[in-house]
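In what follows, a single structure is set out as structure tokens and then discussed.
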Number of protein chains: 4
Amino acid sequence: MTPQDPIQQEKYTAIIEAAFKVFARDGLHKGKIADIAKEAGVGKGTVYEYFRSKEEIFTAILNQFFDLIQIGLDEVNHLEIPADQKVRMLLELNLDWFKTTTTEEALIVTEIWAQGLRSFYIGQPDDALILRYRKIQSTMMSILNQGVTDGVFRAVESETLAILLMATLDGIGLHFLMNQSLDIEKLKRVTIRAFLEGILVRPNSTQPQE
Amino acid sequence: MTPQDPIQQEKYTAIIEAAFKVFARDGLHKGKIADIAKEAGVGKGTVYEYFRSKEEIFTAILNQFFDLIQIGLDEVNHLEIPADQKVRMLLELNLDWFKTTTTEEALIVTEIWAQGLRSFYIGQPDDALILRYRKIQSTMMSILNQGVTDGVFRAVESETLAILLMATLDGIGLHFLMNQSLDIEKLKRVTIRAFLEGILVRPNSTQPQE
Amino acid sequence: MTPQDPIQQEKYTAIIEAAFKVFARDGLHKGKIADIAKEAGVGKGTVYEYFRSKEEIFTAILNQFFDLIQIGLDEVNHLEIPADQKVRMLLELNLDWFKTTTTEEALIVTEIWAQGLRSFYIGQPDDALILRYRKIQSTMMSILNQGVTDGVFRAVESETLAILLMATLDGIGLHFLMNQSLDIEKLKRVTIRAFLEGILVRPNSTQPQE
Amino acid sequence: MTPQDPIQQEKYTAIIEAAFKVFARDGLHKGKIADIAKEAGVGKGTVYEYFRSKEEIFTAILNQFFDLIQIGLDEVNHLEIPADQKVRMLLELNLDWFKTTTTEEALIVTEIWAQGLRSFYIGQPDDALILRYRKIQSTMMSILNQGVTDGVFRAVESETLAILLMATLDGIGLHFLMNQSLDIEKLKRVTIRAFLEGILVRPNSTQPQE
DNA sequence: GATGAATGAGACTTCATTCAT
DNA sequence: AATGAATGAAGTCTCATTCAT
């Protein structure tokens, strides 16, 4: 999907970034291909050399976003630290994403995601939104299971809990999007306690001091 | 905003319902005013007697959705039952919504909501998305505070916790949207336990048996 | 297909005439819908109220042309004159068409006709080019048969001869299109003699004096 | 116009043949240069080494077609046979062309020819369509005149009759294009008789027995 | 000479909105 | 109030042609 030639790869990236910028500024539907091309410093036709349609640009942006999430998640998972630390890091990771992302950008991801739900993701066999989420879920489950195995967590329904975890993280993200004045640190603390103290951590295991 | 004359009121409702149907079928941007008019059994021009623009129809649909949520919430809040029961009911209420709503309809609400985030809600003083959420939040806080006052809940940061509760409910909704095969009952149970057993309920208060 | 309301009918005609003019000036593929709209004094969108696509305008023009041909043919056929006179008139009619038609217009009809051969006519069940021709052929056959019955013509294979007649008329039209300096009167005379003296007229019937 | 170097000549021919194939398949305007290049096994840019534009390819195809016609015509003309035999052969030659040509190919020639009438042929001094036809006409006249000189034909206006002959042949071709179910043999017979028996052959000359 | 990535003018068509009836 | 014919801005995408390699 992505070109192999480094020069082309560069242009491919430039177009995605330009698209991201334009969509963030003008919205998903008001953002014109012409502007993306101009922003990327290429001709209008060139955009169509790299993407078959506007929707394919949407998909590419969303995939890039999920790549980022998944990479962060995998990095955390591969660390040699206790599972409860990993869960803590996940929450931090997720909530900190908003600090390095402008609201406009976050809105765009959300908008693409919502619009994508309808048409070009669900029902498509490969690379679909649902598969991306399933991958995230399975990584989270692996962390939870590790915790149970290590005796750090109580026995939990890791599958359902992983979904709850994902859902909570997404939900917090959305609400932060809507209400930037949210005290994100306080929210982080409460959420972490909800999951660690409340559900996961064994009564007699080492409590995180906060 | 809504007309007072019953005949007009009827037409107003018919248009919203038609719009809902058309959007659910064709998507937010592919759904045409002409089709809405036809579906509602009125002329194209008539739609513009009731709504200034297509976006205003979006807003109306979203408001209707929030009215529904808020009404349910208020009903629960006004019941003469312990706070923990209320929290439990909230969760039930929210997750059961999906049983009476088709995926297409839920998608439309999500799509409008996401698109609305950008343009026609945020930044608008009245009736804005954020105000609707603040109202929800305040109702939830009132329930949480009642619980603390009644000694059912531990002392909690009710403001932050209300946000977490909202966020979790929204997150679960979204994930259910993406993955209909989710075991919603199991998820409900886990979520309720997370909130009640884990965070809210006092160690020595009556535990809900499940 | 054509609108019934007289005001709309007028607009419909205006658009066809405008299209004819624009195509004649700029060619079939260079002729822009925008120019047709401007020429017709309507908005671009209005063109699409009356025609679903550019091709449908092509078809309409071609049909109008065939209507004209067929009407003239029918008029001749319904006259109370001998069959040989009718054949003579047919030839006159056909060749005189070019005197009231500009080359540009004739070219457009030819261009549409040729392009039409390929895509939007052949293979379509109703109103197709071939049906229009079959109608013409049948009218010609009726004239030829009348001549045989009346004893003016020798016994002829009227079906094949009708085709030859059509083909000859079309061929002459085309060559006149390509070579305006053709002496059309001389051509008319020769053609008429070829058909009447040569093939059709009985040796002992009254010879047309020329 | 055509390259001299045999390797280049080969490529030149390959491109024309590829163009013919692509146009026959996709139509004149839908047929893409890119596809022609691919079909010819060369790069897109290479096409432009051999042809200045898409229109020049049209011209080349049409010229090739006329070369074919003219060559056949000359061959017949150079035979040592009576003029009436030559006319008969001309008709056979022309009508038999359709047996070795697919409809799609014939359509393409027609389409190019019609489109060519407008823009790139008429008005151009060299190699124009009209010159090609004049050449054909002059060959035909030479045959007709030979017949008169030899006493096989009556005295005829050979110039006008040559045009009529050309026109008839073209007309028959077009109608055969539109109606493949035409009984071409019967048509051939009728046409030959029309010209030979009817107009050309002297009353006391040897009649062709059929 | 050969190539094909890049280009951008331009076209068709859609559809929210208006407004005369 | 109701209508729907008319509108035209706007947008996506195509594809002939160019030109650096």
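Numbered from 1 within each chain, the chains take letters A, B, ... in sequence-line order.
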Sorted by position of nearest nucleotide on DNA chain F, 5' first, the leading residue of B:Thr46 and C:Gly41 is B:Thr46

Residues at least two apart in sequence or cross-chain that pass side chain to side chain donor-acceptor pair (under 3.5 Å) with A:Glu105, listed by chain then number, are none

Q) Under 4.0 Å: is that the gap between some side-chain N or O of C:Lys38 and OP1 or OP2 of F:dG8? A) no

Worksheet item: So do the side chains of C:Lys54 and C:Ile33 get within less than 4.5 Å of each other, counting heavy atoms only?
Response: yes

Side-chain touch C:Val42/C:Tyr50, heavy atoms, less than 4.5 angstrom = no

Rounded to whole Å, CG of A:Asp35 lies from P of F:dG11 at a distance of 8 Å

Residues at least two apart in sequence or cross-chain that pass ring-ring contact (aromatic ring centres under 6.0 Å, His included) with D:Phe65, listed by chain then number, are D:Trp97

- Message: It should be established whether D:Tyr50 places a side-chain nitrogen or oxygen under 4.0 Å from OP1 or OP2 of nucleotide E:dA2.
- Response: yes

Hits for side chain to side chain donor-acceptor pair (under 3.5 Å) against B:Ser53, two or more places apart or cross-chain, chain-then-number order -> none

The ring-ring contact (aromatic ring centres under 6.0 Å, His included) partners of D:Phe51 (sequence neighbours excluded) come to D:Tyr12

Separation of E:dG1 atom P from D:Ile15 atom CD1, nearest Å, is 12 Å

In DNA chain E, consecutive runs of at least three Watson-Crick or G-U pairs below 3.5 Å, as range with range, amount to E:2-21 with F:2-21

In whole angstroms, the gap separating P of F:dA1 from CD of B:Glu10 amounts to 17 Å

Protein-proximity profile, nucleotides 16-21 of chain E, B/S/- by nucleotide at the 4.0 Å heavy-atom cutoff, equals SBB---

From CZ of B:Phe51 across to C1' of F:dA1 the rounded distance in Å is 16 Å

Between NZ of C:Lys11 and C1' of F:dT7 the distance, given in whole Å, is 10 Å

Sub-4.5 Å side-chain heavy-atom contact between D:Thr101 and D:Val109 | no

Could you tell me if B:Gln9 and B:Thr13 have a donor-acceptor pair between their side chains, going purely by distance under 3.5 Å?
yes

Taking for A:Val47 and for D:Val47 the nucleotide of DNA chain E with the nearest heavy atom, the one nearer the 5' end belongs to D:Val47

Would you say D:Arg25 and D:Asp35 make side-chain contact, with heavy atoms under 4.5 Å? yes

